[in-house]
Q: 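Please find one structure pasted underneath; my questions will follow.
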Amino acid sequence: MNALRGFLRAQRLGRRAVSLLHRFQSTLVIAEHANETLTPITLNTITAAKRLGGEVSCLVAGTNCEKVAQELSKVPGVSKVLFAQHDAYKGLLAEELTPLILEIQKQFSCTHICAGASAFGKNLLPRVAAKLDVAPISDIIEIKSPDTFVRTIYAGNALCTVKCDEKIKVLSVRGTSFEAAPASGGNAAIEKISAPAPVGQSEWIEQKLTKSDRPELTSAKVVVSGGRGLKSGDNFKLLYDLADQLHAAVGASRAAVDAGFVPNDMQVGQTGKIVAPELYIAVGISGAIQHLAGMKDSKTIVAINKDPEAPIFQVADYGIVADLFKVVPELTATLKK
Ligand SMILES: Cc1cc2nc3c(=O)[nH]c(=O)nc-3n(C[C@H](O)[C@H](O)[C@H](O)COP(=O)(O)OP(=O)(O)OC[C@H]3O[C@@H](n4cnc5c(N)ncnc54)[C@H](O)[C@@H]3O)c2cc1C
């Protein structure tokens with residue numbers, strides 16, 4: 001009888017331990033960086049990770065990224081920085097990073113793995129999820145609970161609340177939906193992780209980056225964007241002059257990119273970048289649904305368009321129906337005063 005009671009008690013304790021283990025959340029944030037510099041979206045992702053509850057670790061993998069690891073160790077709320085440096089991580093290829101993440105997952109059994117929903121995160125996370133045999137959730141804008149997330153569908157025209165029952169939740173995070181975590185005040189330990197053997201399936205050859213002194217588009221406080229109405233690449237100079245007065249980043253519609261006015265990394269919208277600055281000035285942009293998907297969460301929207309029927313006026317807080325070639329130089333001149 002005593003043996004039976006003991007057995008039942010042990011079973012109850014076992015169950016409690018398992019359920020405690022289940023409740024213990026731990027999140028791995030994959031840091032995005034360019035070796036020397038941390039990409040700002042990582043800080044927004046850390047804020048999202050903190051909302052999940054539980055411990056937050058950051059993985060910094062690269063070829064020369066010690067500075068970024070140091071930087072992340074100072075972010076409050078990060079309890080540990082996992083640091084992996086190897087030549088195989090040149091170009092941060094998903095084929096090379098995935099085995100490293102799987103190895104870390106084996107060691108630390110995280111309940112959540114996340115990264116910013118940038119080109120880097122979008123490239124890497126679904127591959128990791130496939131290897132873990134779980135369905136990932138992309139571009140989340142809200143965390144309701146550790147297993148329930150909100151994301152947009154149909155180019156931002158519907159909100160979809162998803163409950164995820166996967167054993168490991170793999171999430172990409174919309175940077176503009178979460179504040180950036182503060183950059184100082186924390187004191188996390190940096191732990192070296194040895195890199196698994198290189199896969200060698202793909203090779204990073206080179207990159208051609210658009211050089212600019214202006215703030216980065218997705219984290220700028222002010223964005224001035226131009227569309228087909230600008231008529232040529234040379235005319236974008238009008239927007240650069242205005243942007244300089246406002247310390248703004250310059251964006252574009254797909255029509256402006258397709259016409260060759262500006263490079264495609266400036267595209268705002270469903271297939272471009274998602275921005276949510278304090279102020280978005282749309283110049284010569286009609287406001288197609290696919291463009292609105294990338295900017296309609298901006299705090300204040302200003303439209304400059306000569307067509308009063310342009311859909312952009314339906315989301316604009318302030319609008320001027322006028323010729324941009326007149327209004328933009330006037331605005332720049334006024335700001336210079
Ligand atoms: C699958 C898919 C994905 C897409 N993804 C994106 C995306 O990510 N981003 C994006 O932007 N688009 C995207 N598009 C394209 C989108 O549908 C539109 O074609 C595009 O946004 C139009 O760009 P626009 O507003 O510059 O050009 P237009 O629609 O041609 O508008 C130009 C505007 O300029 C105004 N204008 C002209 N001259 C002047 C002047 N002198 N002064 C003032 N105003 C003037 C006109 O009145 C007009 O409203 C996508 C489309 C598809 C099908």
Side-chain angles (χ1 to χ4, degrees), residues 25-35 37-52 54-63 65 68-69 71-73 75 77-85 89-105 108-132 134-143 146-147 149-152 162 164 166 168-181 183 188 193 195 204 216-219 273-275:
Q25 311 286 335
S26 66
T27 303
L28 177 69
V29 173
I30 323 286
E32 181 177 350
H33 60 87
N35 271 319
T37 49
L38 183 68
T39 309
I41 197 167
T42 305
L43 295 175
N44 307 86
T45 309
I46 291 172
T47 300
K50 286 200 274 188
R51 297 239 173 105
L52 291 165
E55 204 179 279
V56 177
S57 310
C58 278
L59 167 65
V60 179
T63 51
C65 49
V68 168
E71 219 175 308
L72 278 175
S73 70
V75 174
V78 172
S79 54
K80 159 163 91 218
V81 175
L82 306 172
F83 172 63
Q85 198 154 271
Y89 303 140
K90 184 173 153 198
L92 300 178
L93 299 170
E95 292 81 352
E96 298 295 345
L97 291 180
T98 302
L100 172 67
I101 295 166
L102 296 179
E103 187 54 44
I104 290 172
Q105 179 58 22
F108 297 99
S109 307
C110 298
T111 53
H112 297 73
I113 298 178
C114 53
S118 58
F120 167 77
K122 288 182 200 169
N123 179 37
L124 175 64
L125 286 183
R127 187 181 188 92
V128 172
K131 290 286 189 187
L132 292 169
V134 300
I137 302 178
S138 53
D139 211 5
I140 60 161
I141 61 167
E142 196 188 325
I143 293 165
D147 67 0
F149 312 97
V150 184
R151 61 183 300 265
T152 64
V162 189
C164 176
E166 301 287 12
I168 306 158
K169 278 98 178 144
V170 177
L171 315 161
S172 66
V173 173
R174 183 174 294 191
T176 54
S177 298
F178 299 88
E179 294 287 306
I193 298 281
W204 186 86
E216 196 264 326
L217 192 53
T218 55
S219 52
K273 291 187 172 139
I274 311 262
V275 301

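For reference, positions follow the sequence shown, starting with 1.
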Q: Looking at every heavy atom in both P126 and P136, which two are closest together, and how far apart are they?
A: CA-CG, 4.2 Å
Q: Is the closest side-chain heavy-atom distance between L38 and V60 below 4.5 Å?
A: no
Q: Working note: N44 + V173, criterion side-chain contact (heavy atoms from CB on, under 4.5 Å); need CA distance, chi angles, decisive distance, verdict.
A: CA-CA 8 Å; N44 307 86; V173 173; 5.6 Å; no
Q: Suppose we screen for side-chain contact (heavy atoms from CB on, under 4.5 Å). Which residues come up paired with E166, at least two apart in sequence or across chains?
A: V134, A135, C164
Q: What I'd like to find out is whether the side chain of L28 reaches to under 4.5 Å of the side chain of F108, using heavy atoms alone.
A: no
Q: Give the minimum heavy-atom separation between H112 and L171, together with the two atoms involved.
A: CD2-CD1, 4.1 Å
Q: Could you measure the distance from the CG atom of L97 to the CG atom of L124? Nearest 0.5 Å is fine.
A: 5.5 Å
Q: Count the heavy atoms of every other residue, nucleotide or ligand shown that sit under 6.0 Å from CD of E179, and state whether that count exceeds 12.
A: no
Q: Would you give the length of the straight line joining atom CZ of F178 to atom CD1 of I141, rounded to the nearest 0.5 angstrom?
A: 8.0 Å
Q: Are any non-hydrogen side-chain atoms of N35 and H33 less than 4.5 angstrom apart?
A: yes
Q: Starting from the C-alpha separation in whole Å, work towards a yes-or-no answer on side-chain hydrogen bond (donor to acceptor under 3.5 Å, both in side chains) for T111 and Q25.
A: CA-CA 6 Å; T111 53; Q25 311 286 335; 3.3 Å; yes
Q: Just to verify, what does E95 make a side-chain contact (heavy atoms from CB on, under 4.5 Å) with, not counting sequence neighbours?
A: L93, R127, Q201, S202
Q: Minimum heavy-atom separation for T152 and R174, please, with both atom names.
A: OG1-NH2, 3.2 Å
Q: What distance do I168 atom CD1 and S109 atom OG have between them, rounded to the nearest 0.5 Å?
A: 8.0 Å
Q: Minimum heavy-atom separation for A61 to L100, with atom names?
A: CB-CD2, 3.7 Å
Q: Do you know the tightest heavy-atom contact between A48 and I143?
A: O-CD1, 3.2 Å
Q: Kindly compute the distance separating CG (L92) from OG1 (T63), expressed to the nearest 0.5 Å.
A: 7.5 Å
Q: Check whether any side-chain heavy atom of I113 lies under 4.5 Å from a side-chain heavy atom of I30, and answer yes or no.
A: yes
Q: Heavy atoms, side chains only, cut-off 4.5 Å: are L132 and L102 in contact?
A: yes
Q: Could you measure the distance from the SG atom of C58 to the NZ atom of K80? Nearest 0.5 Å is fine.
A: 11.0 Å
Q: Flag the pair E142 / S177 as yes when at least one side-chain heavy-atom distance between them is below 4.5 Å, and no otherwise.
A: no
Q: Any side-chain heavy atom of F120 within less than 4.5 Å of one from I41?
A: no
Q: Would V81 and V75 count as a side-chain contact (heavy atoms from CB on, under 4.5 Å) if you check the C-alpha gap in whole Å, the side-chain angles of each, and the deciding distance to 0.1 Å?
A: CA-CA 10 Å; V81 175; V75 174; over 6 Å; no
Q: Compare every heavy atom of T218 with every heavy atom of T176, then report the nearest pair and how far apart it is.
A: CG2-O, 4.1 Å
Q: For T39 and E32, indicate whether the former's side chain and the latter's backbone hold a donor-acceptor pair under 3.5 Å.
A: yes
Q: Just verifying a value: how many Å separate I104 CD1 and S57 OG, rounded to the nearest 0.5 Å?
A: 9.0 Å
Q: Would you call K169 and P146 a side-chain contact if the rule is heavy atoms closer than 4.5 Å?
A: no
Q: Any sub-3.5 Å donor-acceptor pair from R151's side-chain atoms to S138's backbone N or O?
A: yes
